[in-house]
**Student:** 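Right, I'll just put the structure down here and ask away after.
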Amino acid sequence: MYILCNEEPLWMTKCLSVGGLLEYSGSWKKTALSRLNLCSENDEIYQRTCHFDGFNSLHLYRRWYRCFTTLSNFSFDNGLVERKDDLSLDQFRSQYDGKCPVLLTKLAQTWPARTKWTIQQLTHDYGEVPFRISQRSPQKIKMKLKDYVSYMKLQHDEDPLYIFDDKFAESAPALLEDYNVPHLFQEDFFDIMDYDQRPDFRWLIIGPERSGASWHIDPGLTSAWNTLLCGRKRWALYPPGRVPGGVTVHVSDEDGDVDIETPTSLQWWLDVYPNLAEHEKPLECTQLPGETIFVPSGWWHCVLNLEMTVAVTQNFVDQTNFEHVCLDMAPGHCHKGVCRAGLLAVPGKSIRDVENHPSLMSRWNHSDMTRKEKRLKSSEHVRTSNNVNQCSALEFSDIHESLGDQVFSYDIGFLSQFLEKEKDHYSSVWSPTNSIGQREAREWLRRLWVLKSELRELIWKGACLAINVDKWYACLEEISECHSLPPPSDDEKLPVGTGSNPVFIVSDNVIKIYAEGGLGYSVHGLGTELEFYDLVQKLGSPLINHIPEIIASGFLVYQDGVYRTVPWDGKGIPDVLAKYYPLEVFYADSCFPLGLWSKQLLGMSSSTDVSDKPIWPYMVTRKCKGDIFARIRDTLSRTEILNLASSLGVQMRNIHRLPLPHVEHVSESWNANIKAKESSTFNVAHVPPEWKQVVSTLDRRKKNIKKHLSNWGGSIPQVLIDKAEEYLPDDMSFLIKFVKDDDGDSVYAVPAWIHSDIMDDNILIEGTTEPRTSTGCTTDEDLNKMDVIHIIDFSDLSIGDPLCDLIPLHLDVFRGDIDLLRQFLRSYQLPFLIGESNNDIHKSAQNSKFSRASYRAMCYCILHEDNVLGAIFSLWKELRTATSWEDVEHFVWGELNQYQQLRPT
């Protein structure tokens with residue numbers, strides 16, 4: 001027990017479980033206790049060594065050997081990776097790009113880094129700079145370079161830490177001046193994205209002997225180049241689809257998440273490599289100082305540092321791998337598995353690959369998994385489990401039959417066979433391991449389409465793979481023809497914006513096709529939006545000048561290979577909808593039977609919606625004048641942005657003051673369904689009908705709050721994740737229910753219309769918001785008359801607490817600028833809480849944390865379905881060290897309490 005408890009890997013894991021700045025103290029046990037301030041009290045214990053005669057362990061001996069072995073004679077090159085001084089761009093693209101690795105010896109000859117990037121010089125220049133360390137835990141670990149160099153000299157770890165820093169250009173920007181992207185790799189389609197949106201793409205790598213990168217394929221099927229500045233690296237590589245021995249690929253059936261289980265690079269070379277037959281061994285080479293290796297898309301590779309090394313690497317997307325990168329973005333799991341593991345990912349088929357490697361057999365094992373996963377492992381016999389997801393086998397049965405004895409190919413035509421054809425690529429959930437998110441991908445493809453018009457044929461192919469643009473364009477053509485709109489031009493073929501519904505701009509018209517959330521959600525989205533526009537029109541609200549004008553709406557139906565349109569204004573239920581979506585209509589007598597209240601009840605329904613019905617709601621509106629705020633915000637003056645905040649305050653007040661539709665009679669069967677749900681899940685029986693869906697949703701999210709927050713990776717401090725449940729109210733109705741001071745009667749706030757998605761890409765600005773009065777002040781009347789802003793995309797309309805609309809406004813539109821929030825609130829002029837008596841509400845707010853605006857806003861952030869907290873900790877980096885939610889609450893939302901105390905009426 002003494003020996004096992006003093007094992008260095010145990011103490012290393014303990015150290016790395018705590019994020020932050022790390023300083024190595026000579027051993028991991030000493031370092032761990034030093035971080036707990038226990039070191040000085042027990043110095044003698046560290047120096048005292050216990051000896052045990054007769055104890056031996058082969059496991060511990062192998063570990064000791066890996067800790068102390070030297071690799072000076074470990075260099076090897078089997079000649080299968082060509083060495084070239086340099087290549088022309090045409091030679092590179094025709095012979096190597098997308099085909100095979102190559103070592104290039106003279107690409108970095110003129111770099112200052114060739115002489116400056118020595119450990120001695122780097123330590124002299126950047127010794128006090130913290131750099132990110134290779135990840136061994138969910139926490140982000142950094143070490144000052146001088147401390148890391150000291151660690152390299154002292155350590156005898158089995159798998160040493162190495163610097164692997166994707167943010168080195170931010171912490172040490174002068175390093176960028178010491179090298180340039182080689183001429184062969186300068187085409188990078190991700191360059192077109194804003195820096196803060198593009199995926200991680202460049203890394204500084206520093207590591208000691210025995211460290212290295214275990215088997216992997218580069219993220220998102222990108223290609224990469226790696227230039228070594230000092231030291232030697234041994235590389236092993238396999239072509240796409242060839243899983244290395246000893247490696248297991250996990251692919252989740254649910255979201256396509258890919259995880260690779262592999263030994264460390266040193267362990268693989270010592271324990272697995274010697275047992276491989278000659279024809280099973282990888283391509284190998286030893287990289288020398290000044291050499292650059294190119295690794296094509298999809299190639300497996302493993303790297304071992306034979307001595308202390310310094311290197312720089314970048315990943316990129318070019319014309320050759322663009323379609324593969326787009327394919328990897330598409331939702332689903334089978335195509336992701338095939339791209340990485342070849343036909344191992346297709347159950348029940350004989351397996352060969354284009355290199356005529358030996359057959360590799362798959363193994364299925366679900367007993368140790370928390371979600372459905374396919375485990376793809378080389379050199380193992382087939383074992384079928386009764387737990388295999390039968391849907392997965394059926395989904396691809398037609399593909400299986402057509403494969404026959406085909407060999408694996410990394411050709412995009414072959415790989416795209418394994419896409420889940422019925423899955424909607426535009427709005428289905430994407431894998432959390434995708435290189436970029438859905439919103440960023442849509443914007444990226446749109447920018448490529450506009451700015452790289454000479455490559456539109458290629459970009460179209462990629463967009464078809466990633467977002468099914470061919471399907472949505474066919475829908476667009478039918479809608480345009482039906483409503484006598486101009487045919488889309490070549491420039492208008494791709495959707496615009498970053499929302500979850502395809503939106504096209506054709507001439508002065510905006511065509512939105514509702515695809516998000518399945519047919520039920522989409523139908524109610526359109527129905528609620530039509531009801532909202534009708535209400536604004538009937539009331540003559542000034543909001544009408546700041547929202548789009550509806551031209552047409554209806555359903556697009558795909559039948560017998562032909563699209564046709566069915567008009568619908570939201571009133572009544574069209575026969576075509578009843579055919580494809582048989583649903584109980586709970587407000588059949590309502591003017592808008594699939595409007596707001598029906599949407600609220602849908603949110604409480606336990607039924608599962610489907611997204612593969614051949615029918616899609618759509619809406620055509622007149623294009624609002626102006627530019628999207630997200631695109632021009634950096635060109636606006638401070639005064640213009642302040643006045644924008646004022647205008648938004650007025651328009652959000654106009655939205656939140658709109659009366660809710662009258663609650664119609666609800667069917668008895670629905671009441672029975674809701675009562676059953678209340679008794680079996682959440683206690684919302686005491687909650688007013690208009691709040692039931694909101695409260696039940698919040699309760700459901702709180703139930704899994706730790707798991708929900710942990711899914712966002714390291715963006716939220718662990719100490720806060722652990723305290724989230726304690727911070728939130730036991731009963732979510734407390735956020736909307738208040739107690740009078742005088743007699744203790746319950747008072748419920750009145751819900752308001754909620755836009756739910758007031759982001760910088762849903763605001764249009766026309767002209768300027770400079771004051772027009774002689775006094776130089778902008779009045780409410782001015783702001784209502786000024787057609788300077790438009791708010792668009794009401795497809796997520798709901799009801800709830802008005803504070804929910806302030807969250808995207810403050811974090812996304814205002815980017816946390818407190819002055820803009822204050823300016824907004826001056827124009828907003830509504831109380832956050834509206835009840836029978838605003839006086840009672842105000843008194844309660846003074847005496848209850850539940851009615852404190854900052855507390856409620858923070859609760860909504862924690863419970864939000866999107867990573868709102870990630871935005872908070874990105875905007876205010878100082879909050880990453882916060883130890884309580886109260887600290888975060890008052891820092892981010894404290895201004896709301898000041899506003900609340902003013903008692904606006």
Side-chain angles (χ1 to χ4, degrees), residues 7-39 67 119 122-123 126-172 175 199-200 202-214 216 219 259-260 262 264-266 303 305 308-313 433 709-710 712-722 870 873-874 877-883:
E7 274 283 272
E8 279 286 86
L10 176 69
W11 292 98
M12 185 181 190
T13 302
K14 177 67 176 176
C15 275
L16 300 183
S17 66
V18 181
L21 200 61
L22 176 67
E23 184 176 350
Y24 187 66
S25 301
S27 74
W28 286 110
K29 179 179 180 180
K30 189 172 183 179
T31 303
L33 295 178
S34 295
R35 301 190 90 185
L36 297 172
N37 297 318
L38 299 174
C39 180
C67 290
I119 286 297
L122 289 172
T123 305
Y126 305 101
E128 295 295 329
V129 177
F131 289 98
R132 294 189 179 189
I133 303 299
S134 55
Q135 295 300 300
R136 303 296 173 80
S137 74
Q139 306 304 315
K140 294 187 183 298
I141 307 295
K142 288 188 174 183
M143 293 181 74
K144 290 182 178 180
L145 183 57
K146 65 175 186 180
D147 293 332
Y148 178 74
V149 172
S150 174
Y151 159 79
M152 285 200 295
K153 295 176 180 176
L154 294 173
Q155 63 80 33
H156 278 286
D157 290 334
E158 176 185 6
D159 184 24
L161 298 179
Y162 59 97
I163 289 177
F164 190 69
D165 194 338
D166 60 308
K167 304 298 182 186
F168 73 92
E170 298 174 14
S171 53
L175 288 173
D200 298 336
R202 61 185 172 206
W203 290 264
L204 172 69
I205 309 173
I206 303 176
E209 182 183 26
R210 303 188 318 281
S211 64
S214 54
H216 67 284
D259 185 42
I260 295 172
T262 174
T264 67
S265 52
L266 178 61
V303 189
N305 291 322
M308 192 283 300
T309 63
V310 178
V312 63
T313 185
T433 54
L709 297 183
S710 298
W712 299 122
S715 60
I716 305 169
Q718 185 62 44
V719 64
L720 295 181
I721 293 177
D722 294 338
F873 294 113
S874 176
K877 293 181 173 56
E878 60 270 34
L879 290 178
R880 295 174 184 175
T881 58
T883 56

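Note that the structure is predicted; figures quoted are calculated from it, not measured.
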**Student:** Between CH2 of Trp712 and CZ of Phe873, what distance do you get to the nearest 0.5 Å?
**Tutor:**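 Rounded to the nearest 0.5 Å, the CH2-CZ separation comes out at 14.0 Å.
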**Student:** I'd like to check the side chain to side chain donor-acceptor pair (under 3.5 Å) partners of Asp147; sequence neighbours left out, ordered by chain and number.
**Tutor:** none
**Student:** Quick check: closest heavy atoms across Gly26 and Thr31, and the distance to 0.1 Å?
**Tutor:** N-OG1, 4.3 Å
**Student:** Near Lys167 NZ, under 6.0 Å, is it more than 12 heavy atoms from other residues, nucleotides or ligands?
**Tutor:** yes
**Student:** For the atom pair OG (Ser710) and CD (Gln718), what is the distance rounded to the nearest 0.5 Å?
**Tutor:** 5.5 Å
**Student:** Are Ile206 and Leu145 close enough that some pair of their side-chain heavy atoms sits under 4.5 Å apart?
**Tutor:**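 Of all side-chain heavy-atom pairs linking Leu145 with Ile206, at least one is under 4.5 Å.
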**Student:** List for me each residue that meets salt bridge (charged side-chain N to carboxylate O under 4.0 Å, His left out) alongside Lys144, sequence neighbours excluded, and say none if there are none.
**Tutor:**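 Expected list: Glu128.
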**Student:** Not counting sequence neighbours, which residues clear salt bridge (charged side-chain N to carboxylate O under 4.0 Å, His left out) with Glu209? List them please.
**Tutor:** none
**Student:** Quick one: does Leu122's side chain get under 4.5 Å of Val149's, heavy atoms only?
**Tutor:**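 No; the side chains remain at least 4.5 Å from each other.
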**Student:** Nearest 0.5 angstrom please: Tyr148 OH to Lys153 NZ, how far?
**Tutor:**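 Between atom OH of Tyr148 and atom NZ of Lys153 there are 12.5 Å.
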**Student:** Using atom types as modelled and distance alone, determine if a side-chain donor or acceptor of Arg132 lies under 3.5 Å from a backbone N or O of Lys140.
**Tutor:**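 Checked: no pair found.
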**Student:** Of all heavy-atom pairs between Phe131 and Phe168, which one has the smallest distance, and what is that distance?
**Tutor:** CE2-CB, 4.1 Å
**Student:** Please examine the side chains of Ile163 and Ile133, heavy atoms only from C-beta on, and report whether any two atoms are closer than 4.5 Å.
**Tutor:**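 They are in contact (side-chain heavy atoms under 4.5 Å apart), so the answer is yes.
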**Student:** As an exercise, state the distance from OH of Tyr151 to CG of Leu22, rounded to the nearest 0.5 Å.
**Tutor:**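 Taking OH in Tyr151 and CG in Leu22, the distance rounds to 9.0 Å.
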**Student:** Ignoring hydrogens, what is the shortest heavy-atom contact between Pro160 and Arg210? Give both atom names and the distance.
**Tutor:** CD-O, 3.7 Å
**Student:** Report yes or no: does Arg202 contribute a side-chain atom to a donor-acceptor pair with the main-chain N or O of Val312 at less than 3.5 Å?
**Tutor:** no
**Student:** For Ser874 and Gly870, indicate whether the former's side chain and the latter's backbone hold a donor-acceptor pair under 3.5 Å.
**Tutor:** no
**Student:** So which heavy atom on Leu879 is nearest to which on Pro717, and how close?
**Tutor:**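 So the minimum-distance heavy-atom pair works out to O-CG, 4.5 Å.
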**Student:** About how many Å separate CG of Leu266 and OG of Ser214, when rounded to the nearest 0.5 Å?
**Tutor:** 12.0 Å
**Student:** Taking only Lys NZ, Arg NE, NH1 and NH2, and the carboxylate oxygens of Asp or Glu, determine whether Asp165 and Lys142 approach each other closer than 4.0 Å.
**Tutor:** no
**Student:** Keeping the roles fixed (side chain from Ser265, backbone from Val303), state whether a donor-acceptor pair exists under 3.5 Å.
**Tutor:**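 Side chain of Ser265 to backbone of Val303: a pair is present.
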**Student:** To the nearest 0.5 Å, tell me how far Ser171 OG sits from Leu204 CG.
**Tutor:** 8.5 Å
**Student:** Flag the pair Tyr24 / Ser150 as yes when at least one side-chain heavy-atom distance between them is below 4.5 Å, and no otherwise.
**Tutor:** no
**Student:** Please report the shortest heavy-atom distance between Asn305 and Thr309, naming the atom on each side.
**Tutor:** OD1-OG1, 3.0 Å
**Student:** What pair of heavy atoms forms the shortest contact from Tyr162 to Gly207, and how long is it?
**Tutor:** CB-CA, 3.7 Å
